[in-house]
Every structure is written in structure tokens, then in C-alpha cells.
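Residue indices begin at 1 and follow the sequence shown.
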Amino acid sequence: MATPTPRQPAESVPSSSTSPSTPPSTPPAVPAKASTSAPKSPSTRSRATAMTNPIQGIALGMIETRGLVPAIEAADAMTKAAEVTLIAREFVGGGYVTVMVRGETGAVNAAVRAGADACERVGDGLVAAHIIARPHAEVEPALIASGSRRS
């Protein structure tokens, strides 16, 4: 019975004497919330940076055509159909032209389908349409358009 009495004063005394410890416990709770907000900002910024850089798009979509007109039609349809970036147009030779786009996988899929449909409407120009969801890093140098014409 004497035990409850000392606990009450002991709790009262340490809380009043430890009032400096109570305020430090309150401020760390506030910085903890602030520190939780701080990591969200950099990740949001890194996502925005990844989306603005055309090479950062994960998926690769390619359409190969016979002739320049179907290639232009396919490129126009792809860029209008989804949020993709036209990264290259390559004259392969023999009248074949390849058009490549980058972006998120779903957007590239929709864009390549739209580009293939548009290319088929122009005539007998579609040769191939293909999507690579995640190209390996060693493939990246091959995606840079050479700009040379091979005949």
C-alpha cells in the first residue's frame, strides 16, 4: 500500500523534473514526420527526371517498313497514339526504313500497334513490328542512329 503512494509522487516528480526530456520527445516526432516527407521529394524528382529523358524510357518499339512514306505514317501514328519518344529513324537499305520509339511498356505497346495499323492503311509497307520491354544495357549503343545510308 505504501508502494502506490511512492509511485504517484515518483511519476509526478520525474515528469516535472524531466520536463526537458518531454520536449525533446515531441520535437523528434515532428522531425521524423519531416524526414518521412524528405525522401518522397527526391524520389518524385527522380521519377520526373526519368520521364523527361527520352533514353530513360524502359521499353523499345520498332517498326520496319518498305519505303519512307509508310515509315513517316507509322511514326506519326505512334507519337500521336501514346506518350512515347521517337528516338531513331534508320535507312536500312533497299528501301527499308526502321522507326524506333521509347517509353513505358504500355505506351510503347499501344504506339506500335497504332503505327502498324497506320502503316498497313498506306499500302503494302509494313515489314515488321516488334516491342522489347526491357532491352539489355549492351543493346543501347546499337540503338543510336548511324545516319549513314546503306544501299
Side-chain angles (χ1 to χ4, degrees), residues 10-11 14-151:
E11 291 174 1
S15 63
S16 62
S17 67
T18 58
S19 55
S21 66
T22 304
S25 65
T26 305
V30 174
K33 292 178 183 177
S35 66
T36 307
S37 301
K40 290 181 181 177
S41 297
S43 65
T44 306
R45 289 178 184 162
S46 64
R47 285 182 194 158
T49 304
M51 295 178 101
T52 57
N53 192 347
I55 300 300
Q56 292 293 330
I58 296 171
L60 170 68
M62 300 168 284
I63 292 183
E64 189 167 81
T65 65
R66 279 186 212 94
L68 184 61
V69 173
I72 292 171
E73 183 66 26
D76 182 54
M78 285 193 293
T79 54
K80 287 179 180 176
E83 184 138 353
V84 294
T85 303
L86 185 65
I87 62 161
R89 177 247 328 125
E90 186 76 23
F91 293 101
V92 180
Y96 288 98
V97 182
T98 302
V99 181
M100 293 181 253
V101 294
R102 293 297 293 261
E104 298 299 320
T105 305
V108 169
N109 190 11
V112 168
R113 287 179 186 219
D117 290 342
C119 187
E120 287 177 345
R121 283 193 302 267
V122 170
D124 189 30
L126 182 65
V127 174
H130 189 67
I131 299 162
I132 301 175
R134 294 182 326 149
H136 192 272
E138 292 182 13
V139 176
E140 296 295 331
L143 299 179
I144 300 170
S146 68
S148 65
R149 291 188 174 191
R150 291 170 234 145
S151 48

Heavy-atom closest pair, residues A133 and I58: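 Between these two residues, the closest heavy atoms are O-CG2, 3.2 Å.
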For the student: nearest non-hydrogen atoms of L126 and A116, plus distance: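 Reported closest heavy-atom pair: CD2-CB, 4.0 Å.
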- Task: Measure the spacing between CZ of R102 and CD1 of I132 and express it to the nearest 0.5 Å.
- Result: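 One finds 9.0 Å between CZ of R102 and CD1 of I132.
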**Request:** Report the distance from atom CD1 of I87 to atom CE of M100, rounding to the nearest 0.5 Å.
**Result:**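 Those atoms lie 6.0 Å apart.
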Name every donor-acceptor pair, under 3.5 Å, that has one atom in a side chain of residues 59-68 and the other anywhere in the protein, sequence neighbours excluded.
| from | atom 1 | to | atom 2 | distance (Å) |
| --- | --- | --- | --- | --- |
| E64 | OE2 | T98 | OG1 | 3.0 |
| T65 | OG1 | G67 | O | 3.0 |
| T65 | OG1 | V97 | O | 3.4 |
| R66 | NH1 | D124 | O | 3.0 |

Contacts under 3.5 angstrom, residues 70-83 side chains, donor-acceptor by atom type, not counting sequence neighbours:
| from | atom 1 | to | atom 2 | distance (Å) |
| --- | --- | --- | --- | --- |
| D76 | OD1 | K80 | NZ | 3.4 |
| D76 | OD2 | K80 | NZ | 3.1 |
| T79 | OG1 | A75 | O | 3.0 |
| T79 | OG1 | D76 | O | 3.2 |

